[in-house]
Every structure is written in structure tokens, then in C-alpha cells.
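For reference, the structure is listed below as C-alpha cells.
What you see is a predicted model; the values in this text were computed from it and never measured. All heavy atoms count here, side chains included; hydrogens, waters and symmetry mates do not.
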Amino acid sequence: MNLVRRPAGLTSALTVAFTLLFSLLHTLPYYPLTPSVAEAATVSDWQVRTVSLSADRMMYMGDPIAYRQTGASALGWSKTGEPLLYVSATGAGSDYLYRFRLGETVPSAAYPFPGGGGQLWSMVALENGDVYFTCNGNLFKYSADQDRVISLGKPHAQTTMIWQLAVAPDGIVYGATYPKARIFQVDPKNDRITDLGPVADLEYARSIAVSERYVFVGTGPLLDLIAYDRQTGETRCILPEDMRLINGFISNLAVRGNRLFAPAGNDTSVALVFDTDTLQQVQKVFGFSFPVSPVDEENQVWFGLKRTTPYVYDLNRDSYRQSGWVMPTANSLGWAQLPESAIPETRRSLFKGVSLIGFSAEEYWALDPQSKQVLNIPVEIPAAPARINSLSASAGKVYGGAFSPGGLFIYDIQTNQTITTPQFGQTDSLVLYDGKLYFGTYTGAQLKMYHLEQAQAESLGPVGYDQDRVVVMIEHRRKIIAGTVPDYGLQGGALAVINPADHKVRSFHNVVPNHSIVSLAGYENWVFGGTSTQGGLGKAPVEGDAYLFAWDVTTEKLAWSIQPLNEPAIGALITGADGLLWGAGTHSIFAVDPATREIVLTQQVLSAGTPSYSIREAYSAGYNQYVVFTINHSVLIIIDTAQHTIKLLPGNFNRCAIGDDGALYFTRTTELMRIAPEVWMNL
């Protein structure tokens, strides 16, 4: 390779510390930050300085992706006993709790609460009209007395996610959290939260259900089912031994009457049924799917079998049978009598009694058990901007993908027009090549392609090797190269190669053993990769520091690897116009001469104590002699390789890309922003 070398003496001379102060660390993949940068310094022939930019010199390009993004739901009641449907939905800046009266297509009330694109996993309704629900690691309550949403805070200082809530027969609310598999309880009389501590030596308390005596907790990333004694605090494992402590999650639990319904380990289509008093298994249901309805008047519960055919489970006999009609999908179920005004006049004779009510993303429905009739009622929840999770630019386009529930946008620089696609899944990386947008989605590390001209998507299949997140993609030598992070509880990423000619995928596992591959850059016959010590969530990182490696695209083998930084991840790589390979870690940037593997420059830009989620929190872009990075959503780094300047711009900078017009595009949560080339190049 004909690469330009910088003098080796720059390595230690250019290491200058700068401090950024951060606010609360968010769970992946976004950290809200309030940075400040110390005074800059000039060392040798490189000038390093902090710069500023007024808000009026950044152009807001809009929120390019907006969808209806509903979260948890529950059938509740007003203080007078009227049935009400509550639905949480994510938004920009604030999330919302919507309330529907049965029969309504539009909400009768909308209650904002702080969240701004949060993950809304669970909701429970109490008979007094109150509703408890979660957003990320925070617990919220809709107070029927005050008719507003109240934030109850985190159950523990370390909590970053509350996965499921459950209500005990005495009205106490329990929750399952991450990390450290902690559970908590809330007394609805005073909303006092009590942390009950970890129930297992694992990371995830992923699901929860409650009987009079026990709190049942499903775990991950290793499977277990824990019975926590509410009287003594003692714990007991009740999952069959042949299912315990293998990789996976128990993501749903339900107590109905004196029976506990739990997935049979990773086989979520099979439910184990336990006696909640003896803790003994009494039944196994095949083809089972959650949710499970509340108990009806005949001491039965209703659930989906193979997700379409509703079945009835008799709690007295521990037997189940088909109900005789087709049930739409739902994420929550309840029993209520529809008001007459909610039923079309021609069908009122068919809905005389209590109906099973279910809610899905686009509608809620009522099923009458006697007539076996279904009444579908669409909902009109406002679309909300989605968080931009990936960004790139080429061929006159700027394009990006959304965090859950996913979707793509393509912005045409010349026409100033933006198109969006349906929701294909959470998009963690993407690259444009030959009129097709290649992208990777979570979960299962699925590789996909979107044909811009035909507006059609095609699945190319998974990366394989138990991979879960395709966090980086590049085009190099007419191939699409992807780097991945493994599934929950695992170590060892993969390098995947897509041939656009036939869309065949070849994957190479553990290129650097037990390291994830989180950044890539191509040059001539090489693909350079940066690793992370972090594997799948719930798995402790491997010891040591991240690697920079070189992959020979001809032999398809690892050529060399080095550790340029004492940091857990190299989140971004790019080959500069100076021929150096530039990279960004969790706190520093560096440059390497690939011909000699010599580290010719390092520059610390964040304080060593800055928290970082070390899968991928750095992003890169290049234009002429410029190399641009964002690190930890908090600082924009502009490197002029011709003038030997490094400029640090503090702020809320998430993903970054440079368009063919030379403009610098970056994201702020849901927003796409633009800085004109004459502005950012002359800071």
C-alpha cells in the first residue's frame, strides 16, 4: 500500500486530556449529555483547540421518520367503574399515556410524561382507577384522583430497564428489572418503592408474576424461574433442571387463579403450568402464546394457540380446549362489557354480555364468547418521530434507519425531498450501493436490502453464528462488509460479506476471539476492523482492550491486529486522505500507519471517567482532507489532515455523515441536522 507516514514522534507528544461533564447515563443506545470542554492546547505542529458554534448556524432538517409507536397497554377502570383502555406511546421529548373509552377510535385523553423515545414495556391497571407503567428504568403512575401522570422514579439507582409489572392479590405492585436481576415492590397506598434486591446471580429479571405467597421471576441471559417467598424473602428455582441455566430468556409470566403460566425455556410456543401453592408442574400446553386473559366467570383463562386459534384453559381441571373462533393478535387482554353506543346497531344482539377485549398496535377488538363474533375498532394514535439509529451519505443521498420499531428514510440532497419506508425492524447500520440500500436489523442480525427505484425490500437472511446486532456496514471492492455483536449472554462477533451480484452471504466468526466487530474501513486489498470487548448484553466484557485488525479480502484471513488504545472499544474507523487509518475509541482518537502498524497519533478527548456503553458509541465521516468523528453523543471532532488541526465542538452530536455537497449532517435523537460546508470547515 502506498501510504503516507507521519513522524513516529508524534505519538506521546499529542496526548492531551480534555474533560467533558456528563449527566445521567441512559441505557442503550443514547446518552443524554451536558458536556463541557477544558482549554485546548497546541502541541508540535498539530493544533488542538475547542471551538463553538451558535445554534443559528445549524439547520434543522426535520424529523425524517415518524410512526405510530405504541408500547404497553392495559384494560382499566374509571373511579366509577367504567372500562377504559390505556395505551402508552413513545414520542419526541415526551412519551404519552393515551386513554380510550370503549368504542372510541380517538383518545379521550392524552397525558404526557418525560421519556422522549423511551422503551415502554409494561403496564398494569388497579381496580381503583390507578395505572402503573414503565418507561426505560423509570416507574410512572396515572393517578385517577389527580387525573395526571406522576413519576415515581427508579426502583434502584442502577436500574436502566423495568421489563414487567405484576399485581399481587393484596394490590402490591411488583417489578422485574435490569441489571443485576433485581425486583422491587410498590405499595399503592403511599407509592413507596422497596428494592428487594437480586433474585439470581444474573443480569436480567426479565419477567414477573405474583400469587398470594410467591413472586415468580423469569431470568436471562441464562434461563431460570425463581419463586421468591413474599413472607421470608427466600428464593427457590422451579424450572426443570434440563432447562435451567442455558442461554436464553423467560420473557413472559402470568399468574391466573392458583396457576402460573411460564414459557418452557426458549421454546415460547410451549407453556409450563405450575401450582402456585405447591410449586409443582401440573400441565404442559403446546402451541401456547402470550398474553393470557384474566380469569372469566367459569374459572377459565383464554390465550392464543399458535397465535391465531384461541384456546380455553380450565383452572379447575388443568385441561384446555379450542374455543371455536378466531382471535386477532393482541399484546394485552381483559374482560369488559361494551357500551351499546360502541356496537353498530345491526350487531347489538350479538354483543349482549361481557366480551374479551384485546389491543394490538393499530386497533383494539372485542370477542363475544357466546356468539363468537369479533368487533374491530381502529385507533388513531398520533404518529411520533422515531429516534435515528444509523446514518450515512453517498450518491447524492443522506439516509438513515430508526430505532425500534425501525424503518428507513432517504433524503435527496438535490430535490430536498425525503421518503420513508415501512417498519422493517430496528436498523443499526446501513450502506448504499448500486441503487440499493443494504441494512442490518435487530434482533437476530438480519441482513436486508431495499431497492430504491422499485421501493421494495428483500431479506438476505441472518449473519448466523448466534449474532444479534449488525452494528456497522461498509461497501468495499464491490462487496458489502458487515460487523456484528453476538446474542445476549454470548461473546464473539462476526464479519459478514454480502456479494451484491447474487446476494449470497458468507460469515466469519470470532475473527478476533471473543471480541465484537463494531467498526470497519476499507483500503485497497484490506478491510480494517475495530473491536469491542463487550459481547451480547448480560455477558461481562472480556478483559483487556479493543483491537484494530486488518483482514485480507483476497485470502479472507486475519493479517494482523494491534491495540492502539487502552480502551474497551474502537467504535469508528476511516481512511484519511493522508493515507493514515483514523479511529475513535470510547475516550480518544488515534491514527495508525497501516503499512507499518505504527501508532503515529493519539488524542484523548473525553475524561477517563466518562461512562460509555462500549458496543458502538463513535461514528466517522470523511470529505477531502477532513476526518470527522462523533464520540459518546457529546462531541464533534473535526480533523484537517492537511492543516494539522484537531477541533473539538461540544454538544449533542449523535450519528454523523458528510453529503456529496460537503455539508455535515448529524442527528439529535429524532432530528436530522445540517451544517453548511463553509461553516464546519472554517470553525
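Taking 4.5 Å as the limit, every side-chain heavy atom of Arg477 sits out of range of all side-chain heavy atoms of Lys479. Side-chain contact between Ile481 and Val553 is absent, with no heavy atoms from C-beta onward closer than 4.5 Å. Under the 4.5 Å side-chain criterion, counting only non-hydrogen atoms from C-beta, Pro291 is in contact with Leu333. When side chains are defined from C-beta on, His633 does not count as touching Phe653, because their heavy atoms never get closer than 4.5 Å. You'll find the side chain of Phe549 reaches within 4.5 Å of the side chain of Val511, heavy atoms only. In this structure, the side chains of Thr160 and Pro179 come closer than 4.5 Å at one or more pairs of heavy atoms. Proximity of His156 to Thr177: side-chain heavy atoms (C-beta onward) are nowhere separated by under 4.5 Å. Side chains of Leu165 and Thr134 form a contact here, defined as non-hydrogen atoms less than 4.5 Å apart.
Other residues, nucleotides and ligands contribute only 12 or fewer heavy atoms inside 6.0 Å of the CG atom of Asp201. In this structure, Trp163 places its CH2 atom where more than 12 heavy-atom neighbours from other residues, nucleotides or ligands lie under 6.0 Å away. Counting heavy-atom neighbours within 6.0 Å of Lys436 NZ, excluding the residue itself, gives a total above 12.
Looking at every heavy atom in both residues, Val270 comes nearest to Lys284 through CG1-CG, 3.4 Å. Of all heavy-atom pairs between Ile631 and Ser588, the closest is CD1-O, 4.0 Å. Across every non-hydrogen atom of Leu520 and Gly483, the tightest pair is CD1-N, 3.7 Å. What you find for Phe666 and Leu391 is that their closest heavy atoms are CA-CD2, 4.2 Å. Across all non-hydrogen atoms, the minimal contact from Leu223 to Gly248 is CD2-C, 3.3 Å. When all heavy atoms are compared, the tightest approach of Thr575 to Gly522 is OG1-O, 3.7 Å.
Not one N or O on the side chain of Thr159 forms a donor-acceptor pair closer than 3.5 Å with the backbone of Gly137. Side chain of Asn632 to backbone of Ser634: no donor-acceptor contact under 3.5 angstrom is found. A distance-only check finds no donor-acceptor pair linking the side chain of Gln283 to the backbone of Ala271 [under 3.5 Å]. Looking at Asn136, its side chain does come within 3.5 Å of a backbone N or O of Gln119 through a donor-acceptor pair. With Glu475 contributing its side chain and Tyr433 its backbone, the two residues share no donor-acceptor pair below 3.5 Å. The main-chain N or O of His451 is never found under 3.5 Å from a side-chain atom of Gln456 such that the two would form a donor-acceptor pair. At least one donor-acceptor pair closer than 3.5 Å links the side chain of Ser88 to the backbone N or O of Ala72. Remark: side-chain polar atoms of Ser392 are not paired, donor with acceptor, to backbone N or O of Val431 under 3.5 angstrom.
In this structure, the ring of His515 has its center less than 6.0 angstrom from the ring center of Tyr547. Between Phe184 and Tyr174, the distance from one ring center to the other does not fall under 6.0 angstrom.
Classification of Lys448 and Glu458 as a salt-bridged pair fails, no side-chain N sitting under 4.0 Å from a carboxylate O. Residues Glu556 and Arg506 are paired through a salt bridge, judged by an N-O separation under 4.0 Å between the basic side chain and the carboxylate. The residues Asp552 and Lys557 are annotated as not salt-bridged, no charged nitrogen and carboxylate oxygen being separated by less than 4.0 angstrom.
Counting only N and O atoms by type, the side chains of Asn389 and Arg655 include a donor and acceptor under 3.5 Å apart. A side-chain donor from one of Ser73 and Ser332 sits under 3.5 Å from a side-chain acceptor of the other. Residues Ser390 and Asp428 bring no donor and acceptor atom of their side chains to less than 3.5 Å of each other. In this structure, a donor-acceptor pair under 3.5 Å is present between the side chains of Tyr438 and His503. For the 3.5 Å distance criterion, the side chains of Ser519 and Tyr619 fail to qualify, holding no donor opposite an acceptor.
Ring-plane geometry between Tyr488 and Tyr204 is classed as perpendicular, the angle between the planes exceeding 60 degrees on a 0 to 90 degree scale with a lower cut at 30. Ring planes of Phe261 and Phe288: parallel class, angle under 30° (limits at 30 and 60°).
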Next item on the list: For the pair Asn252 and Arg206, evaluate side-chain hydrogen bond (donor to acceptor under 3.5 Å, both in side chains) and give the outcome as yes or no after the intermediate values.
Entry: CA-CA 8 Å; Asn252 279 291; Arg206 185 59 179 81; over 6 Å; no

Checklist line | Pair Gln534-Ser516, side-chain hydrogen bond (donor to acceptor under 3.5 Å, both in side chains): steps then yes or no | finding: CA-CA 7 Å; Gln534 176 68 61; Ser516 300; over 6 Å; no

Notebook entry, point to check: Under the side chain to side chain contact (heavy atoms under 4.5 Å, CB included) criterion, do Phe303 and Ser289 qualify, and how do the steps go?
Noted result: CA-CA 7 Å; Phe303 57 89; Ser289 66; 5.9 Å; no

Notebook entry, point to check: What's the verdict on side-chain hydrogen bond (donor to acceptor under 3.5 Å, both in side chains) for Thr441 and Thr427, showing C-alpha distance, side-chain angles and the deciding distance?
Noted result: CA-CA 5 Å; Thr441 63; Thr427 305; over 6 Å; no

Next item on the list: Tell me, with the steps shown, if Thr70 and Leu120 meet side chain to side chain contact (heavy atoms under 4.5 Å, CB included).
Entry: CA-CA 8 Å; Thr70 56; Leu120 312 166; over 6 Å; no

Next item on the list: Begin from the C-alpha positions of Asp468 and Thr443 and carry the test side-chain hydrogen bond (donor to acceptor under 3.5 Å, both in side chains) through to its verdict.
Entry: CA-CA 5 Å; Asp468 209 26; Thr443 59; 4.7 Å; no

Note to self: Working note: Val470 + Val463, criterion side chain to side chain contact (heavy atoms under 4.5 Å, CB included); need CA distance, chi angles, decisive distance, verdict.
What the structure shows: CA-CA 8 Å; Val470 185; Val463 169; 4.1 Å; yes

Next item on the list: Evaluate the side chain to side chain contact (heavy atoms under 4.5 Å, CB included) criterion for residues Leu239 and Leu245: first the C-alpha distance (whole Å), next the side-chain angles of each, then the deciding distance (0.1 Å), finally the verdict.
Entry: CA-CA 10 Å; Leu239 195 67; Leu245 302 181; over 6 Å; no

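For the atom pair Thr586 OG1 and Ile570 CD1, the distance stands at 9.5 Å (nearest 0.5 Å). To the nearest 0.5 angstrom, Thr484 atom OG1 is 8.0 Å from Leu495 atom CG. Atoms OG1 and CD1, on Thr219 and Ile208 in that order, are 12.5 Å from each other to the nearest 0.5 Å. Remark: Asn654 CG to Arg387 CZ distance equals 9.0 Å, nearest 0.5 Å. To the nearest 0.5 angstrom, Phe133 atom CZ is 8.5 Å from Asp95 atom CG. Between the NE2 atom of His587 and the CD atom of Glu617 there is a distance of 11.0 Å, given to the nearest 0.5 Å.
Arg259 forms no cation-pi arrangement with Tyr313, by the criterion of a distance under 6.0 Å to the ring centre and an angle within 45° of the ring axis.
For the side-chain contact (heavy atoms from CB on, under 4.5 Å) with Phe274, the qualifying choice from Val255, Val282, Ile238 is Ile238, the only one to do so. The only member of Trp560, Trp526, Phe528, Phe508 that meets ring-ring contact (aromatic ring centres under 6.0 Å, His included) when paired with Trp551 is Phe508.
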